[in-house]
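In what follows, a single structure is set out as structure tokens and then discussed.
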Amino acid sequence: HIQLAESGGGSVQAGGSLRLSCVASGYTSNRYYMGWFRQTPGKEREAVAGIGSENSTRYAESVKGRFTISKDNTKPTLYLQMSNLKPEDTAMYYCAASEEDRWYPATLNRLNYHYWGQGTQVTVSS
């Protein structure tokens with residue numbers, strides 16, 4: 001069973017930066033993919049970025065050029081470096097991961113993920 005634990009959220013002014021981390025426990029190989037999603041009250045959870053088993057990446061249009069997703073398979077830990085943050089980036093950010101033994105490119109489809117973290121809040125003030 002895979003467990004995910006996010007950290008790194010907080011409050012920042014517009015234009016600032018934050019780095020989110022997600023520690024994954026339970027994997028015994030690097031055959032898995034992961035992603036970041038976010039959600040605000042009353043809205044559906046939306047994709048932010050995904051990273052595939054082979055380390056390909058995909059980003060939502062709204063964060064391209066500002067956010068960078070990366071994965072350290074040795075730990076294993078997922079990261080989201082967020083720069084030039086905007087008030088509209090304010091949301092609860094969730095880490096998501098696949099089952100093991102899934103060799104798959106980066107995906108932004110929420111239905112492709114099997115495990116979710118509890119979330120970490122990011123608040124950007126203008």
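Residue numbers run from 1 in the order of the sequence given. All values below come from the heavy atoms of this structure, side chains included, with hydrogens, waters and symmetry mates left out.
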Could you walk me through whether Thr68 and Leu80 pass the side chain to side chain contact (heavy atoms under 4.5 Å, CB included) test, one step at a time?
CA-CA 6 Å; Thr68 302; Leu80 185 68; over 6 Å; no

Hey, mind stepping through Asn73 and Lys71 against side chain to side chain donor-acceptor pair (under 3.5 Å) and telling me if it holds?
CA-CA 6 Å; Asn73 289 327; Lys71 175 163 61 79; 3.0 Å; yes

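For the atom pair OH of Tyr93 and CG of Leu18, the computed distance is 9.0 Å after rounding to the nearest 0.5 Å. With values rounded to the nearest 0.5 angstrom, Trp36 atom CH2 is found 5.0 Å from Cys95 atom SG. Rounding to the nearest 0.5 angstrom, the gap separating the CG atom in Asp72 from the OH atom in Tyr79 is 5.0 Å. The distance from atom OH of Tyr115 to atom CG of Leu4, rounded to the nearest 0.5 Å, is 9.5 Å. We find the CG-OG distance between Leu85 and Ser126 to be 13.0 Å, quoted to the nearest 0.5 Å. Considering NZ of Lys75 and OG of Ser25, their distance stands at 15.0 Å, rounded to 0.5 Å.
The two residues Ser56 and Ala106 have their closest heavy-atom pair at OG-N, 2.9 Å. Smallest separation of non-hydrogen atoms from Tyr27 and Pro76: CD1-CG, 4.3 Å. Of all the heavy atoms in Thr40 and Thr90, the pair that sits closest is CG2-O, 3.1 Å.
Cluster membership for Leu20 and Met92, using ILVMFWY side-chain heavy atoms within less than 4.5 angstrom, is not shared.
With hydrogens and angles ignored, the 3.5 Å screen pairs no side-chain donor or acceptor of His114 with any backbone N or O of Ser98. Of the possible polar contacts, one joining the Tyr113 side chain to the Met34 backbone as a donor-acceptor pair under 3.5 Å is found. The backbone N or O of Ile69 lies less than 3.5 Å from a partner atom in the side chain of Tyr59, making a donor-acceptor pair. Although no hydrogens or angles enter the test, the distance criterion places a donor-acceptor pair under 3.5 Å between the side chain of Ser53 and the main chain of Tyr32.
Side chain to side chain, Asn112 and Thr107 meet the donor-acceptor criterion of an N or O pair below 3.5 Å. No hydrogens or angles considered: a donor-acceptor pair under 3.5 Å links the side chains of Thr28 and Glu100.
The salt bridge (Lys or Arg N to Asp or Glu O under 4.0 Å) check on Glu54 picks up nothing, with sequence neighbours excluded. Every residue two or more places apart in sequence or in another chain was checked for a side chain to side chain donor-acceptor pair (under 3.5 Å) with Arg31, and none qualifies. Among residues two or more places apart in sequence or in another chain, the side chain to side chain donor-acceptor pair (under 3.5 Å) test is passed with Glu46 by Arg38. Residues satisfying the side chain to side chain donor-acceptor pair (under 3.5 Å) criterion with Thr120, sequence neighbours excluded, are absent altogether.
Residues Trp116 and Phe37 bring their aromatic ring centres within 6.0 Å.
The environment of Gln3 atom CD is sparse: at most 12 non-hydrogen atoms of other residues, nucleotides or ligands sit within 6.0 angstrom.
Every pair tested for side-chain hydrogen bond (donor to acceptor under 3.5 Å, both in side chains) that includes a residue from residues 6-21 fails, sequence neighbours excluded, so the list is empty. Listed by first then second residue, pairs satisfying salt bridge (charged side-chain N to carboxylate O under 4.0 Å, His left out) with a partner in residues 55-70 read Glu61-Lys64, Arg66-Asp89, not counting sequence neighbours.
For the pair Thr123/Val12, no side-chain contact is recorded, criterion being any heavy-atom separation below 4.5 Å from C-beta on. Taking 4.5 Å as the limit, every side-chain heavy atom of Lys43 sits out of range of all side-chain heavy atoms of Pro41. Side-chain contact between Glu99 and Ile2 is absent, with no heavy atoms from C-beta onward closer than 4.5 Å.
In this structure, Arg45 satisfies the cation-pi test against Tyr94, with its NZ or CZ atom closer than 6.0 Å to the six-membered ring centre and inside 45 degrees of the ring normal.
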